[in-house]
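We name chains A, B, ... by the order of the sequence lines, and we start the count at 1 in each one.
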Number of protein chains: 2
Amino acid sequence: KEKYREMSVAEFFAKNKELAGFANPTRALYQTVRELVENALDATDTHGILPEILVEIRERPDLATGESRASKYTVTVEDNGIGVPATEIANAFGKVLYSSKYVIRQTRGMYGLGVKAAVLYGQATTGQPVEVVSAPMGSPYVYMKKLYIDMKRNEPVILEEAQWRRRGRWHGTRVSITLQGDWSRARSRIVEYIQRTAVIAPYATITLITPDGVVYHYPRTTRKMPRPPREAKPHPHGVDVEQLKMIIMNTKAETLKDMLVMEFQSVGEKTAADFLREAGFDASMNPKKLLEKGNGKRLAALADKLRAYPRFRAPRSDYLSPIGEDLIRIGLRRMFSPEWVGAVTRSPRAYEGHPFIVEAGIAYGGAIKPRDEPLLLRYANKIPLLYEEREDVAWKVVSRINWKLYGVDFPAPLVVLVHIASTKVPYKGVGKESISEVPEIESEIRAAVQEVARGLRVYLSRKRREAEVKRR
Amino acid sequence: KEKYREMSVAEFFAKNKELAGFANPTRALYQTVRELVENALDATDTHGILPEILVEIRERPDLATGESRASKYTVTVEDNGIGVPATEIANAFGKVLYSSKYVIRQTRGMYGLGVKAAVLYGQATTGQPVEVVSAPMGSPYVYMKKLYIDMKRNEPVILEEAQWRRRGRWHGTRVSITLQGDWSRARSRIVEYIQRTAVIAPYATITLITPDGVVYHYPRTTRKMPRPPREAKPHPHGVDVEQLKMIIMNTKAETLKDMLVMEFQSVGEKTAADFLREAGFDASMNPKKLLEKGNGKRLAALADKLRAYPRFRAPRSDYLSPIGEDLIRIGLRRMFSPEWVGAVTRSPRAYEGHPFIVEAGIAYGGAIKPRDEPLLLRYANKIPLLYEEREDVAWKVVSRINWKLYGVDFPAPLVVLVHIASTKVPYKGVGKESISEVPEIESEIRAAVQEVARGLRVYLSRKRREAEVKRR
Ligand SMILES: Nc1ncnc2c1ncn2[C@@H]1O[C@H](COP(=O)(O)OP(=O)(O)OP(=O)(O)O)[C@@H](O)[C@H]1O
Ligand SMILES: Nc1ncnc2c1ncn2[C@@H]1O[C@H](COP(=O)(O)OP(=O)(O)OP(=O)(O)O)[C@@H](O)[C@H]1O
Ligand SMILES: [Mg+2]
Ligand SMILES: [Mg+2]
């Protein structure tokens, strides 16, 4: 009587589209724009390329079906990034949980789902395929594929494809998705998202062409780029039994000690030897022995002890890529014309073996309108987060700071920016709108905002003293 | 240079365990208990069986590895439900996105992930397999399997299995998962979860045995059960292009009109004929023609028009299973010994073709301690929701009600219960802790709470008058 069956992961995210941020046509249009833009930025600034990104949203009256609440739009995003290799296009855009970002590196993408969730929604609401044009860097060809996703099998189905010799030196990718949306409701969020992206990436040229014909153009104002993030090895504090099994299976090391030094970051020869001795393991044993039957408990013990050993160096963070205090201040000035700005980039910390850097900025006064609570701008891996503010750990911190201590009385003209850069941002959901309350991150956000707020306090008390002097 | 690869859905939820509610050992222990209990209740009350559920959590010092922060526990849940068929045990517990609840019916489970997420976490933190004992109803055998999940392939791997002839008439399932947890931090939440489950299910006998040897026993106080939920056909207001394709592919109907009547709920012969005429489709055409090449736009148009047509009857709701006003009042009295209780079960509504019923209850005064804000008890498909309160649509509604209008001045001894029963509860995440702000649901919660609050207002104003009379 019970009907047991499997569901493909494509079917799962099509059926439960709200989990991926596609709860309604307004959110879907927003999510489609951001998934494409985040992929475009990952394909450029992560690789040291000065980004040139064009976002075009146009209405599709030719697909109208007479239902006024079901407006269709085509969203096209074009970038000058590394492109997608010909053999990877179909899976990258047509297979859920397929990605080049399943590595330990700070990128905007991390799940291998983003663009596919948009393709699935477009398919379900319009029947239209996604169109991809890719000119991979270093290839003499340009490739075009129109495809949709076979949901039962989680496989791409190519409807049309072509290739031609490239003229000129353009490299990059262009993606077009057609979906049911609601531009009138999504407009302000989409415009805000693009503006907040541009404001912290002044090295990027971003253009948004809207269905009403309005063009938002953010030309680059500097050619200086932050150093790109780099891939890292896992840190022992983040390892679990399954990961350890994988590492042992794939390692070329012939002793347990060599494996620790080769396969992990922050483990030197001496530390590895000390650790193994204290943990009660033979440094010279062949690590593959731990995979043998009956050694399950030894393996679990090794994972536990790696996670708990205090003398491994903290995870390296020189491969993270923060926004930087200068760019935060410049961006806040550009957005708000405040009378005061401050910013800080904190030292790196880690949670569960994942390094992270918290940055904070404050803008006060000037052209900012007073409000009853701080205006919070959240960012994670350089992505602006616009929804689910009240659920975010940053809001928890910023709303509970006693701003009176810093000379701020609400209503007040106060803007707070919080950025978290990490090899793994602990989002609450695959829609990437809010961040979990990880204790290490929460306390770093508090420390960062308070550090900048102290600068504001100095400014505000000096301003008050000068006002007093004037009055006399 | 970019490394493209696929990830299995098992690997995905192991790596991103926080998405499934396994963010840390405390949450993981809680989530494991609730996933098993929810499966046990789905296997009993959904099938008209008076539930008998035993939950045992015991510490595993034999698995200790010397790290004090890494305590291991075995969670065992046993029920007298329908059991799991022998051929289904391995996939049900060892394959992510495998379920018997992928149908249109009000059940606690819906994703086909719950128990597997717990198995993955147990495996990753202890290396221990899950143990399942199943005595399927109507079978003369009892089956035992110990298995773990091959993450790369998302397949169960059976380590040990046995079967024996059943003695006696017991049917049901027993599941044991061993994982790293934190009982001291999880204790109060787990106890609260069990108590809040028992309080709205007085027909269930639930026992919780804790690692400290404390036993919480909730014997049933009635044999009267609410009618079990039933499976329904899809409603046209919830259909999309992909679903419509599936329906057309599988239908035995030979005309489009017959297909609408057979495959959907709330579509009668006359309504189907009227709809097709107004939508511009030939009622007598073979529906399979819509799948032919070149008919993509026709198919998308049909989906749009089905979703928008106002004259389909509302979705049936006689197959939903609310708690009921009596049980809500009894439960609130038992929990709080208040001086006043009220409850309402609203008429059914629908969002996107999914029927839902909102129920609300209020308890006031008596033994309830005054608090600065309402104490909110949230439920969805009879599951107590304990985490992420501030993100829940119910909190949004209850915290914004002007309680002064009802005679309630904070601090006040006020408890509010909200329950949403639906064939699809729109959770914000697969961890099932909070509900999205679906407009139809939000307005129903508001209407329900206000309805019960009006009863409270009558009581409080009468109480005030009597107090005045007394004073004179
Ligand atoms: N504009 C682009 N340029 C180059 N490669 C791209 C582009 N868009 C997508 N890709 C490739 O397709 C892959 C899949 O993209 P998708 O958005 O589905 O997942 P992701 O970005 O890896 O993770 P997430 O789900 O978090 O977005 C990417 O990992 C990348 O390799
Ligand atoms: N105690 C049980 N008795 C009977 N069947 C069970 C039991 N536990 C699990 N099952 C079966 O195993 C399947 C998988 O359970 P699982 O918890 O992974 O998913 P689900 O309950 O269907 O959905 P969700 O992910 O929302 O919990 C269930 O659909 C059910 O068929
Ligand atoms: Mg992406
Ligand atoms: Mg379940």
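At a 4.5 Å heavy-atom cutoff, A/Glu11 makes no contact with chain B through either its backbone or its side chain. Looking at A/Asp62, both its backbone and its side chain come within 4.5 Å of chain B, counting heavy atoms on both sides. For a residue to count as touching a neighbouring chain, one of its non-hydrogen atoms must lie under 4.5 Å from one of that chain's; by this rule B/Lys95 touches chain A with the side chain only. Proximity to chain B (any heavy atom under 4.5 Å) is shown, for A/Gln243, by neither the backbone nor the side chain. Looking at B/Ala14, neither its backbone nor its side chain comes within 4.5 Å of chain A, counting heavy atoms on both sides. In this structure, the portion of B/Ile82 lying under 4.5 Å from any heavy atom of chain A is its side chain and not its backbone. Residue A/Ala303 does not touch chain B at all, counting heavy-atom pairs closer than 4.5 Å. Both the backbone and the side chain of A/Val430 come within contact range of chain B, with heavy atoms under 4.5 Å apart. For B/Ser434, no part lies near chain A; criterion is any non-hydrogen pair under 4.5 Å. Looking at A/Met151, the atoms closer than 4.5 Å to chain B (heavy atoms on both sides) all sit in the side chain, from C-beta outward.
Ion pairing between A/Lys15 and B/Glu242 fails under the 4.0 Å rule for side-chain N and carboxylate O. Under 4.0 Å is where a charged nitrogen must lie from a carboxylate oxygen, and between B/Arg5 and A/Glu88 no such pair does. Contact check on B/Glu6 versus A/Lys116 returns no salt bridge, with no Lys/Arg side-chain nitrogen under 4.0 Å from an Asp/Glu carboxylate oxygen. Salt bridge present: B/Lys72 and A/Asp304 bring a charged side-chain N and a carboxylate O closer than 4.0 Å. A/Lys3 has a carboxylate O that lies under 4.0 Å from a charged side-chain N of B/Glu231, or vice versa, which qualifies the two as a salt bridge.
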Let's go through A/Glu391 and B/Arg390 carefully: what are the C-alpha distance in whole Å and the side-chain angles of both, what is the deciding distance for salt bridge (charged side-chain N to carboxylate O under 4.0 Å, His left out) to 0.1 Å, and is it a yes or a no? CA-CA 7 Å; A/Glu391 307 162 30; B/Arg390 304 292 148 135; over 6 Å; no

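Listed here is the closest heavy atom pair of B/Ala23 and A/Glu352: O-OE2, 3.7 Å. Nearest heavy atom pair, residue B/Tyr4 against residue A/Gly83, reads OH-O, 4.1 Å.
Judged by a 6.0 Å distance limit and a 45° cone about the ring axis, B/Lys245 is positioned over the six-membered ring of A/Tyr148.
Contact annotation: the side chain of B/Val9 approaches that of A/Leu97 to within less than 4.5 Å [non-hydrogen atoms, C-beta and beyond]. In this structure, the side chains of A/Lys428 and B/Glu388 come closer than 4.5 Å at one or more pairs of heavy atoms. B/Arg307 is listed as a side-chain neighbour of A/Gln180, based on a closest heavy-atom distance under 4.5 Å. A/Met110 places a side-chain heavy atom less than 4.5 Å from the side chain of B/Asn16. The side-chain heavy atoms of A/Gln123 and B/Val241, taken from C-beta on, include no pair separated by under 4.5 Å. Contact check for B/Lys1 versus A/His47: side-chain heavy atoms found under the 4.5 Å cut-off. For the pair A/Tyr111 and B/Leu19, the minimum side-chain heavy-atom distance is below 4.5 Å.
When the candidates A/Ala92, A/Pro85, A/Ser8 are compared by the number of heavy-atom contacts under 4.5 Å with chain B, A/Pro85 comes out ahead. Per-residue heavy-atom pair counts under 4.5 Å with chain B were compared for A/Gly429, A/Ala124, A/Ser436, and the maximum is reached by A/Ala124. Options B/Glu2, B/Arg105, B/Glu437 differ in how many heavy-atom pairs under 4.5 Å they form with chain A, and the most are formed by B/Glu2.
Distance check, rounded to the nearest 0.5 Å: NZ of B/Lys17 to CG of A/Asp240 gives 7.5 Å.
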